[in-house]
Each structure stands twice: as structure tokens, then as C-alpha cells.
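Input: a single structure, listed below in C-alpha cells.
For this chain, numbers begin at 1 and follow the sequence in order.
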Amino acid sequence: LHLFSSLFGGNIAKLLKRLEKIISIYSKEYLKREANIQYIASSATIKNPKEFGKDFFDKEISLIQTFDEDYEKEKSLKKIAIFVSPTAYKMVHTIGWACVELIRIYPDVKVLAFVNTRNICDQIVNDLKHRCSIQNVEKILNKIGAHYSYLSRQERADIEEKFNEGDINILISTSTLEVGVDFKDVDCLILYSAPYSFNSYLQRVGRAGRKG
């Protein structure tokens, strides 16, 4: 539900109302009864789901909510967050250096980095490949991947599977990996600058530390 905010959310809400009207017309004409349309929405991050849902669907909604006692707290995993503001080098080069050093120390490490634009994604991937070439770690050149909306759905699915299986160790992604994917293990997650919203931040950091 939290994805349908701002202008995009407004457009989708209008589209749903038009679909409802069409379904209602054809239900009365062919089924001889009023259509009974049910919406089911989910979110792990939205703060006011009932109010937001009422505005979005233009109707009263029932809220099914989880509470602290629904979770097995003893199985929770510890995450360490480090905030870095590089001054000696550009952020692109800092991330490239950090990834290469991680691979050098831990050859099987899996790193997922989120960026806000395709341009930054390409810059980091190019910087990584350049560093691998000049620092004698060419063996991981084919273990670097990129994930963004310009790729086909099948190409994105292939990249996700390769990262899950360890065929790709370093994956640079735009917002395309924020939701809808659950990787088996991510050792290190990097955010390149601030995401566009707090919900986006929660979704991105939620990709790591889920299984180990």
C-alpha cells in the first residue's frame, strides 16, 4: 500500500474507480447483480494504514494488524548501521573501494547496494570493474551485477537468482529491489545517499539481516 503515494498513487486510485464502474456496469448487464469487489492491501511500513487506505480506496476498510507478541523476538538478528560521509574521495569511489576490500578479505561476501538513479548505478559498476582490473582481483569481474527497470523482467529475475545462489557477489540496484524479493543472505547492505522517503529506507535496509 505504501507504494501508492503522491501523484502515482492518485493516478492508480482514479484508475481503480474507473475499473469499478466498468465492472459494475457489466455485472448488472450480464450477471444481473451488483458486483462485489474486494481489495486486499498490505504494508510493513505505513504508519496510518486505515486512514491512508480509506483515502486510496474511497471506502471504509478493515485493518488486520500484527503486534509485538506476534513475533519471536529471541530469533531476531542484530544489525550494525554505519553512517559515512566521505571527504577524501567521491562517494562512488568510496563504495567501489569498500566493496573491493570486502571481497579481498571475505571472498564469499555478498553485498547489496541501493542507489537512487540508473546513472549512479552504472558509475559504481564501472568503478568496481576498473578497480578489480588494476588491483589484481579480476576473478570477481563477472561477479558484479546491476539491477534496474530498463532490464527486462526475465533479465532481472536471472540476476536475482544469480545473487541468491552466490554467482553474483556484488549487486548494485535502484529501487527495483525494494519490494517483492527475499534474498537468502546479504552480508552487507549499502545505501548510496538518502532514499526518497522513509518507507523506502525501511524497505531497503529490510533486504539485509533476514536470515543471518
Side-chain angles (χ1 to χ4, degrees), residues 2-3 8 44-45 77-86 88-212:
H2 53 266
L3 294 178
F8 173 65
T45 53
L77 299 162
K78 184 178 181 180
K79 294 182 184 181
I80 300 172
I82 303 171
F83 293 85
V84 180
S85 181
Y89 304 98
K90 290 182 178 179
M91 285 174 63
V92 168
H93 303 318
T94 302
I95 288 181
W97 175 84
C99 288
V100 170
E101 289 303 305
L102 278 169
I103 286 285
R104 196 194 302 276
I105 299 170
Y106 308 106
D108 296 323
V109 72
K110 289 173 72 172
V111 182
L112 174 61
F114 277 105
V115 299
N116 291 332
T117 66
R118 159 87 187 276
N119 181 41
I120 295 297
C121 181
D122 289 337
Q123 285 185 45
I124 293 176
V125 169
N126 290 336
D127 182 80
L128 271 168
K129 290 183 176 179
H130 175 69
R131 286 176 186 276
C132 291
S133 298
I134 64 175
Q135 294 186 25
N136 297 319
V137 281
E138 293 95 337
K139 61 183 179 181
I140 67 160
L141 271 173
N142 61 345
K143 292 202 164 193
I144 300 168
H147 196 286
Y148 40 78
S149 59
Y150 287 91
L151 299 172
S152 70
R153 181 175 293 183
Q154 185 58 53
E155 287 174 318
R156 294 199 299 269
D158 290 343
I159 290 169
E160 291 164 22
E161 184 177 352
K162 286 180 179 179
F163 186 67
N164 233 347
E165 298 303 322
D167 296 325
I168 290 178
N169 283 76
I170 301 174
L171 184 56
I172 316 298
S173 174
T174 58
S175 59
T176 51
L177 281 180
E178 278 185 16
V179 293
V181 62
D182 188 9
F183 293 121
K184 289 189 291 188
D185 54 340
V186 177
D187 301 302
C188 176
L189 185 135
I190 298 172
L191 300 185
Y192 178 97
S193 75
Y196 293 125
S197 70
F198 182 62
N199 274 335
S200 182
Y201 165 78
L202 291 177
Q203 291 293 341
R204 293 182 183 191
V205 296
R207 295 310 100 204
R210 300 173 72 89
K211 300 278 173 44

**Request:** Show your reasoning for whether salt bridge (charged side-chain N to carboxylate O under 4.0 Å, His left out) applies to Lys184 and Glu165.
**Result:** CA-CA 9 Å; Lys184 289 189 291 188; Glu165 298 303 322; 3.7 Å; yes

Closest heavy-atom pair and its distance - [X], [Y]:
X      : Y      : answer
Gly166 : Lys143 : O-NZ, 3.7 Å
Thr174 : Ser149 : OG1-N, 4.3 Å
Ala194 : Asn116 : O-ND2, 2.9 Å
Val125 : Gly145 : CG2-O, 4.3 Å
Ala146 : Leu171 : N-CD1, 3.8 Å
Leu3   : Phe8   : O-CD2, 3.5 Å

For the [atom1] atom of [X] and the [atom2] atom of [Y], what is their distance to the nearest 0.5 Å?
X      : Y      : atom1 : atom2 : result
Cys132 : Ile103 : SG    : CD1   : 8.0 Å
Tyr150 : Asp122 : OH    : CG    : 10.0 Å
Ile190 : Phe114 : CD1   : CZ    : 11.5 Å
Ile144 : Ile124 : CD1   : CD1   : 11.5 Å
Leu102 : Cys188 : CG    : SG    : 5.5 Å
Asp182 : Asn164 : CG    : CG    : 8.0 Å

**Complete:** Contacts of Lys110 meeting salt bridge (charged side-chain N to carboxylate O under 4.0 Å, His left out) (sequence neighbours excluded), chain-then-number -> Asp185

**Request:** Check whether more than 12 heavy atoms from other residues, nucleotides or ligands sit under 6.0 Å from atom OH of Tyr148, and answer yes or no.
**Result:** yes

**Asked** Between the main-chain N or O of Val205 and the side-chain N or O of Lys79, is there a donor-acceptor pair closer than 3.5 Å?
**Response** yes

**Under 3.5 Å donor-acceptor, Arg131 side chain and His93 backbone** = yes

**Item:** Under the side-chain hydrogen bond (donor to acceptor under 3.5 Å, both in side chains) test, residues paired with Arg156 that sit two or more places apart
**Value:** none

**Request:** Dump the intermediate steps for side chain to side chain donor-acceptor pair (under 3.5 Å) on Ser152 and Glu155, then the final yes or no.
**Result:** CA-CA 5 Å; Ser152 70; Glu155 287 174 318; 3.3 Å; yes

Between [X] and [Y], is any pair of side-chain heavy atoms under 4.5 Å apart?
X      : Y      : value
Leu112 : Phe183 : yes
Asn126 : His130 : no
Asn199 : Glu178 : no
Ser85  : Met91  : no

**side chain to side chain contact (heavy atoms under 4.5 Å, CB included) evaluation trace for Val92 with Tyr192** = CA-CA 8 Å; Val92 168; Tyr192 178 97; 3.7 Å; yes

**Request:** Begin with the C-alpha distance, continue with both residues' side-chain angles, and end with the deciding distance and a verdict on side chain to side chain contact (heavy atoms under 4.5 Å, CB included) for Leu189 and Arg207.
**Result:** CA-CA 8 Å; Leu189 185 135; Arg207 295 310 100 204; 3.8 Å; yes

**Message:** With side chain to side chain contact (heavy atoms under 4.5 Å, CB included) as the criterion, how do Ile172 and Leu128 come out once you've worked through the C-alpha distance, each side chain's angles and the decisive distance to 0.1 Å?
**Reply:** CA-CA 10 Å; Ile172 316 298; Leu128 271 168; 4.2 Å; yes

**Message:** What verdict does the side chain to side chain contact (heavy atoms under 4.5 Å, CB included) test give for Val115 and Ile95, after you've listed the backbone C-alpha separation in whole Å, the side-chain angles of each residue and the deciding distance to 0.1 Å?
**Reply:** CA-CA 11 Å; Val115 299; Ile95 288 181; 5.7 Å; no

**Complete:** Test side chain to side chain contact (heavy atoms under 4.5 Å, CB included), reference Phe163, set Val111, Ile168, Asp158, Val181, output is Ile168

